[in-house]
Amino acid sequence: MALVRTVTAAGVATLTLDSPANRNALSTPLMNELLAALGAAVADTAVRAVVISHTGPVFCSGADLKETAEARENGRVPAERLADVLAAIWEFPKPVVARVAGPARAGGLGLIAAADLAVCTREATFAFSEVRLGVIPAVISATVLPRLAPRAAAELYLTGDVFDGVRAERIGLVTAAVEADALDATVSGYCESLVRGGPLALAGTKQLLRRPPAESIRADLADLSARSAAYFKSAEGREGVTAFREKRPASWVPEGGSGEA
């Protein structure tokens, strides 16, 4: 039985965590399926953006603790495989949106932070529960700490306290916290905007957002000027400018999508 289901429509692949019996815990089988689904979404040129969603009331409860206990003595614990998943999402060349309709704990917050955009319900709850298990939020720090305000990170990492969607938005863990009945419309709205962007431009913009600091402002501007010129001169850039001037959808916009810039 599949633990991750994929449905693609209007340029968006929705990858649904489907292991509600253990609250969508990050077991090795689930993570392997998620990696395979991400790989398929990269290869599919019809896919312009990805949504990570879930079945059941819980988005993700974190590492599969049953598997962790069994593997601790003689195997690779799930937290080690999580590093591969977070890297795959963080480096994914297409926009990734997390749809969070329920609680997330520990490793689940790493998934949310790895996504480019994240939308949760105001009532969703979150916690970095690792310290209360006698472990540390090590792997997820690679994606979480760049998102969070430092003081909030210190408080929530050290206390393990539960916080809600409203605070998750305020500290930068999620993009938006909305009423439950507005969740799907909000996610769809973001996706409709994302598929209007050129595929290469979106990938390049993601690289821009994650580039390391430059040695100097002049070095930074030289690099950015070169990048800008390359995109303006590219076939995609030429098509985008032409479509804008001709007031028509660019060739990459899925059928039925808006051509508004």
Practice task
Could you please spell out the steps behind the salt bridge (Lys or Arg N to Asp or Glu O under 4.0 Å) verdict for Arg81 and Asp64?
Solution key: CA-CA 11 Å; Arg81 186 56 165 162; Asp64 186 322; over 6 Å; no
Practice task
Flag yes if Leu194 and Trp90 sit in one hydrophobic cluster, no otherwise; membership is Ile, Leu, Val, Met, Phe, Trp, Tyr, and two members link when side-chain heavy atoms are under 4.5 Å apart.
Solution key: no
Handout entry: Heavy-atom side-chain contact between His54 and Arg99 under 4.5 Å
Key = yes
Completion exercise
Shortest non-hydrogen pair, Pro254 vs Gly11, comes out as CG-CA, 4.2 Å
Practice task
Could you check Ser141 against Tyr157 for side chain to side chain donor-acceptor pair (under 3.5 Å), going step by step and ending with a plain yes or no?
Solution key: CA-CA 10 Å; Ser141 289; Tyr157 264 38; 2.8 Å; yes
Handout entry: Atom pair CG (Leu38) and CG (Asp84), whose distance is rounded to the nearest 0.5 Å
Key = 11.5 Å
Exercise for the section: Report yes if some heavy atom in the side chain of Glu179 is under 4.5 Å from a heavy atom in the side chain of Thr121; otherwise report no. Expected result: no
Exercise for the section: Could you walk me through whether Ile136 and Glu130 pass the side chain to side chain contact (heavy atoms under 4.5 Å, CB included) test, one step at a time? Expected result: CA-CA 5 Å; Ile136 64 173; Glu130 287 88 347; 5.5 Å; no
Exercise for the section: Flag yes if Val139 and Ile52 sit in one hydrophobic cluster, no otherwise; membership is Ile, Leu, Val, Met, Phe, Trp, Tyr, and two members link when side-chain heavy atoms are under 4.5 Å apart. Expected result: yes
Completion exercise
When rounded to the nearest 0.5 Å, the distance separating CG of Leu183 from CD of Glu123 is 10.5 Å
Handout entry: Backbone of Leu200 reached by a side-chain donor or acceptor of Glu236 within 3.5 Å
Key = yes
Practice task
Side-chain contact test, heavy atoms from C-beta onward, threshold under 4.5 Å: evaluate it for Asp18 versus Leu3 and give yes or no.
Solution key: no
Problem - Rounded distance (nearest 0.5 Å) linking atom CG of Asp184 with atom SG of Cys191 - result: 10.5 Å
Problem - Nearest-0.5 Å distance that lies between atom CZ in Arg227 and atom OG1 in Thr205 - result: 10.0 Å
Exercise for the section: Calculate, to the nearest 0.5 Å, the distance between atoms CG and OG belonging to Asp223 and Ser228 respectively. Expected result: 11.0 Å
Practice task
For residues Phe59 and Gly102, report the shortest heavy-atom separation together with the two atoms involved.
Solution key: CB-O, 3.8 Å
Handout entry: Pair Asp161 + Arg132: basic N to acidic O under 4.0 Å
Key = yes
Handout entry: Ile89 to Ala115 - nearest heavy-atom pair and separation
Key = CG2-N, 3.9 Å
Exercise for the section: Please check if Val162 and Val144 belong to a single hydrophobic cluster, counting links between Ile, Leu, Val, Met, Phe, Trp and Tyr side chain heavy atoms closer than 4.5 Å. Expected result: no
Practice task
Report yes if the side chains of Thr14 and Thr6 come closer than 4.5 Å at any heavy-atom pair, otherwise no.
Solution key: no
Exercise for the section: Assess whether atom CD of Glu215 is packed by more than 12 heavy atoms of other residues, nucleotides or ligands within 6.0 Å. Expected result: no
Handout entry: Closest non-hydrogen atom pair, Val4 against Ala37
Key = CG1-CB, 4.2 Å
Practice task
Return the minimal non-hydrogen interatomic distance between Pro20 and Gly56, and the atom names on each side.
Solution key: CB-CA, 4.2 Å
Practice task
May I ask you to decide whether Arg122 forms a salt bridge with Asp164, counting only side-chain N to carboxylate O separations under 4.0 Å?
Solution key: no
Handout entry: Steps toward side chain to side chain contact (heavy atoms under 4.5 Å, CB included) verdict (Leu86, Ile140)
Key = CA-CA 8 Å; Leu86 297 184; Ile140 66 170; 4.2 Å; yes
Problem - Min side-chain heavy-atom separation Phe126-Ile112 under 4.5 Å - result: yes
Handout entry: Side-chain heavy atoms of Arg211 within contact of Asp220, under 4.5 Å
Key = yes
Handout entry: For Glu239, salt bridge (charged side-chain N to carboxylate O under 4.0 Å, His left out) partners two or more places apart
Key = Arg248
Handout entry: Note: Glu155-Arg167 ion pair, threshold 4.0 Å (strictly below)
Key = yes
Exercise for the section: Would you check if the side chain of Thr143 reaches a backbone N or O of Ala113 as a donor-acceptor pair within less than 3.5 Å? Expected result: no
Exercise for the section: Would you indicate whether Arg151, at its atom CZ, is surrounded by more than 12 heavy atoms from other residues, nucleotides or ligands within a distance under 6.0 Å? Expected result: no
Exercise for the section: Begin with the C-alpha distance, continue with both residues' side-chain angles, and end with the deciding distance and a verdict on side chain to side chain contact (heavy atoms under 4.5 Å, CB included) for Arg105 and Thr125. Expected result: CA-CA 8 Å; Arg105 297 291 185 271; Thr125 62; 3.2 Å; yes
Problem - Lys94 vs Val47 side-chain heavy atoms within contact, under 4.5 Å - result: yes
Handout entry: From Leu208 atom CG to Leu202 atom CG, the distance as rounded to the nearest 0.5 Å
Key = 12.0 Å
Handout entry: Leu173-Leu117 co-clustered via ILVMFWY side chain contacts under 4.5 Å
Key = no
Exercise for the section: Please check if Phe92 and Leu82 belong to a single hydrophobic cluster, counting links between Ile, Leu, Val, Met, Phe, Trp and Tyr side chain heavy atoms closer than 4.5 Å. Expected result: yes
Exercise for the section: Quick one: closest heavy-atom pair of Glu67 and Pro29, and the distance? Expected result: OE1-CD, 4.2 Å
Handout entry: side chain to side chain contact (heavy atoms under 4.5 Å, CB included) evaluation trace for Ile171 with Phe163
Key = CA-CA 11 Å; Ile171 64 177; Phe163 57 102; 4.0 Å; yes
Problem - Leu15 and Val50, any side-chain heavy atoms less than 4.5 Å apart - result: yes
